[in-house]
Participant: 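Quick one: structure below, then a few questions.
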There are 2 protein chains.
Amino acid sequence: MNERPLQEPTLLLLTALADEPRHGYGLIQEIDAISQGRVRMRTGTLYGALDRLVQQGLIRVEREEVVDGRARKVYALAEAGRDVLAAETERLRAVVAEAERRLAARRAHAIRPKGALA
Amino acid sequence: MNERPLQEPTLLLLTALADEPRHGYGLIQEIDAISQGRVRMRTGTLYGALDRLVQQGLIRVEREEVVDGRARKVYALAEAGRDVLAAETERLRAVVAEAERRLAARRAHAIRPKGALA
DNA sequence: CCTATATATATCAGCGACCGGCATATACTG
DNA sequence: CAGTATATGCCGGTCGCTGATATATATAGG
């Protein structure tokens, strides 16, 4: 099992699947929206990542369908993926909070608030 | 210029330098503390990353000193590094908030089996 | 009719950050 | 004198991501 921290494209993929199942191309657009256009998921990243995440059991192929003569694969977040995403966001939230606290502390000329970490 | 999102070891490195300058080995311990022992920065990652970050202008060698007969290089966060860290934390905070919102939204209309807790 | 764009999936070579191991050196403790 | 802590550094290998390329259908514009 791989316990390495998720990279951002993977994190965004799981996030985009957190509320409802989506197909590959839809994920590209969804991630574009989530990140306010700052992240454009490449197809090389996307389809490789989808295969890998299915392999790891974090997502699954919900169904395959044909819309307007074009084939789609719809992916859904699996239970394991939900757990990983929840744990990852909680961990990241702590890191972000710590970074912001340190940046603020530095601006205040190293005056440390009570309870600051070593 | 590299505008790719920071990976976590790099993010933690900049975070650990955000309040005050530190030397390499001290950063390993600091990151261990920040992450509550969950991330153990490897020396292979550390010294390679430090060189790279100096090269990119995100950090700088503040000074070199000898303590107890052991040589140290003390690194400090550069202005560019401060900007990158601030931008990165803000971006990550938005992604984390979005992920948590979606996870909550899913729970709100999901059919939960009896006695099952997330 | 032809071309361009949007939709949609898939593969692959290459890059770069990270990992794990190894090497080197000093100081302290048992 | 061996082991642990401090302290820096190199290097081969792994693996996710990038950018390019390929394939195919539907729609809009010239």
Side-chain angles (χ1 to χ4, degrees), chain A residues 1-16 21-33 35 38-56 58-59 61-75 81 84 88 95 118, chain B residues 1-16 21-33 35 38-56 58-59 61-75 81 84 88:
Chain A
M1 286 306 169
N2 197 357
E3 297 183 17
R4 289 178 61 181
L6 302 179
Q7 287 192 38
E8 237 204 318
T10 304
L11 177 68
L12 287 168
L13 260 181
L14 296 184
T15 298
R22 297 175 198 277
H23 67 286
Y25 193 78
L27 285 167
I28 293 176
Q29 299 169 319
E30 188 69 12
I31 286 172
D32 191 75
S35 66
R38 283 173 301 210
V39 176
R40 282 175 200 171
M41 174 76 74
R42 322 286 174 162
T43 64
T45 304
L46 179 72
Y47 294 104
L50 288 174
D51 287 346
R52 175 173 46 87
L53 292 171
V54 167
Q55 191 77 19
Q56 293 173 345
L58 301 188
I59 65 175
V61 178
E62 182 83 345
R63 65 181 182 276
E64 300 189 39
E65 58 189 21
V66 175
V67 176
D68 289 333
R70 281 180 288 257
R72 285 181 174 178
K73 273 189 191 172
V74 178
Y75 296 87
V84 165
E88 192 74 5
V95 172
Chain B
M1 289 299 183
N2 195 357
E3 296 183 17
R4 288 178 60 181
L6 301 179
Q7 288 192 38
E8 237 203 317
T10 304
L11 178 68
L12 288 168
L13 260 181
L14 296 184
T15 298
R22 299 175 197 277
H23 67 287
Y25 193 79
L27 285 167
I28 293 176
Q29 300 168 318
E30 189 68 11
I31 286 173
D32 191 75
S35 66
R38 283 173 300 209
V39 177
R40 281 172 202 173
M41 174 77 72
R42 320 288 172 162
T43 65
T45 304
L46 179 72
Y47 294 104
L50 288 174
D51 287 346
R52 174 173 46 89
L53 291 171
V54 167
Q55 192 77 17
Q56 292 173 345
L58 301 189
I59 66 175
V61 178
E62 181 83 346
R63 64 180 182 275
E64 300 190 38
E65 58 188 23
V66 175
V67 176
D68 291 331
R70 283 180 287 256
R72 284 181 175 179
K73 273 189 190 171
V74 178
Y75 296 87
V84 166
E88 191 74 6

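Model, not experiment: these values are computed from the prediction. Labels below follow one simple rule: chain letters A, B, ... track the order of the sequence lines, proteins then strands, and each chain is numbered from 1. These numbers come from the heavy atoms of this one structure, side chains and all, not from hydrogens, waters or symmetry mates.
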Participant: Please state how far atom CZ in B/Arg4 lies from atom P in D/dC15, giving the value in whole angstrom units.
Facilitator: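 After rounding, the gap between these two atoms is 17 Å.
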Participant: Please check if the side chain of B/Glu88 supplies one atom and the backbone of B/Leu6 the other of a donor-acceptor pair under 3.5 Å.
Facilitator: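 Checked: pair present.
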Participant: Does the side chain of A/Thr10 get closer than 4.0 angstrom to OP1 or OP2 of D/dC17 through an N or O atom?
Facilitator: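 Answer is yes, contact under 4.0 Å.
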Participant: Calculate the interatomic distance between A/Glu8 atom CD and D/dG16 atom C1'; express it in whole Å.
Facilitator: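 Going from CD in A/Glu8 over to C1' in D/dG16 covers 14 Å.
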Participant: Mind checking side-chain contact (heavy atoms from CB on, under 4.5 Å) for B/Arg52 and listing every partner two or more places apart, or none if nothing turns up?
Facilitator: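 Here the qualifying residues are B/Thr10, B/Ala49, B/Gln56.
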Participant: Reading DNA chain D from 5' onward, which residue's closest nucleotide shows up sooner: A/Gly69 or A/Arg42?
Facilitator: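 Residue closer to the 5' terminus by nearest nucleotide: A/Arg42.
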Participant: What's the CD-C1' distance between B/Gln7 and C/dG16, to the nearest Å?
Facilitator: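 Taking CD of B/Gln7 and C1' of C/dG16, I get 9 Å after rounding.
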Participant: Closest to the B/Pro9 side chain: C/dC19, C/dA27, D/dC17?
Facilitator: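 So the nucleotide nearest the side chain must be C/dC19.
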Participant: At under 4.0 Å between heavy atoms, which parts of nucleotides 6-14 of chain C does protein reach? Answer with one letter per nucleotide, 5' to 3': B base, S sugar-phosphate only, - none.
Facilitator: -BBBBBB--
Participant: side-chain contact (heavy atoms from CB on, under 4.5 Å) with B/Gln29: which residues, sequence neighbours excluded?
Facilitator: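 Residues passing side-chain contact (heavy atoms from CB on, under 4.5 Å) with B/Gln29: B/Tyr25.
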Participant: Who pairs with A/Glu30 by salt bridge (charged side-chain N to carboxylate O under 4.0 Å, His left out), at least two apart in sequence or on another chain?
Facilitator: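 Salt bridge (charged side-chain N to carboxylate O under 4.0 Å, His left out) list for A/Glu30, sorted by chain: A/Arg22, B/Arg102.
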Participant: Rounded to whole angstroms, how far apart are CZ on B/Arg52 and C1' on D/dC11?
Facilitator: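 Distance, rounded to whole Å: 16 Å.
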Participant: Rounded to whole Å, please give me the gap between CG in B/Leu58 and C1' in C/dA17.
Facilitator: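 Atom CG in B/Leu58 sits about 14 Å away from atom C1' in C/dA17.
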Participant: Tell me every residue that passes side-chain contact (heavy atoms from CB on, under 4.5 Å) with A/Glu64, counting only those two or more places apart in sequence or in another chain.
Facilitator: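 Once residues adjacent in sequence are excluded, the partners of A/Glu64 under the side-chain contact (heavy atoms from CB on, under 4.5 Å) criterion are A/Val61, A/Lys73.
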Participant: Quick one: B/Gln55 CD to C/dA17 C1', roughly how many Å, whole number?
Facilitator: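 In whole Å, C/dA17 C1' lies 15 Å from B/Gln55 CD.
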Participant: From CZ of B/Arg40 over to P of C/dC18, roughly how many Å is that when rounded to an integer?
Facilitator: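 The distance from CZ of B/Arg40 to P of C/dC18 comes to 19 Å, rounded to the nearest Å.
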Participant: Please confirm whether the backbone N or O of A/Met41 pairs with a side-chain atom of A/Thr45, one donor and one acceptor, at under 3.5 Å?
Facilitator: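 No, because the side chain of A/Thr45 does not come within donor-acceptor range (under 3.5 Å) of the backbone of A/Met41.
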Participant: Just jot down the side-chain contact (heavy atoms from CB on, under 4.5 Å) partners of A/Val67, sequence neighbours excluded, or say none.
Facilitator: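 Only A/Glu65, A/Arg72 meet the side-chain contact (heavy atoms from CB on, under 4.5 Å) criterion with A/Val67.
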Participant: For A/Leu6 and C/dC18, give me the distance from atom CG to atom P, rounded to whole Å.
Facilitator: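 Going from CG in A/Leu6 over to P in C/dC18 covers 15 Å.
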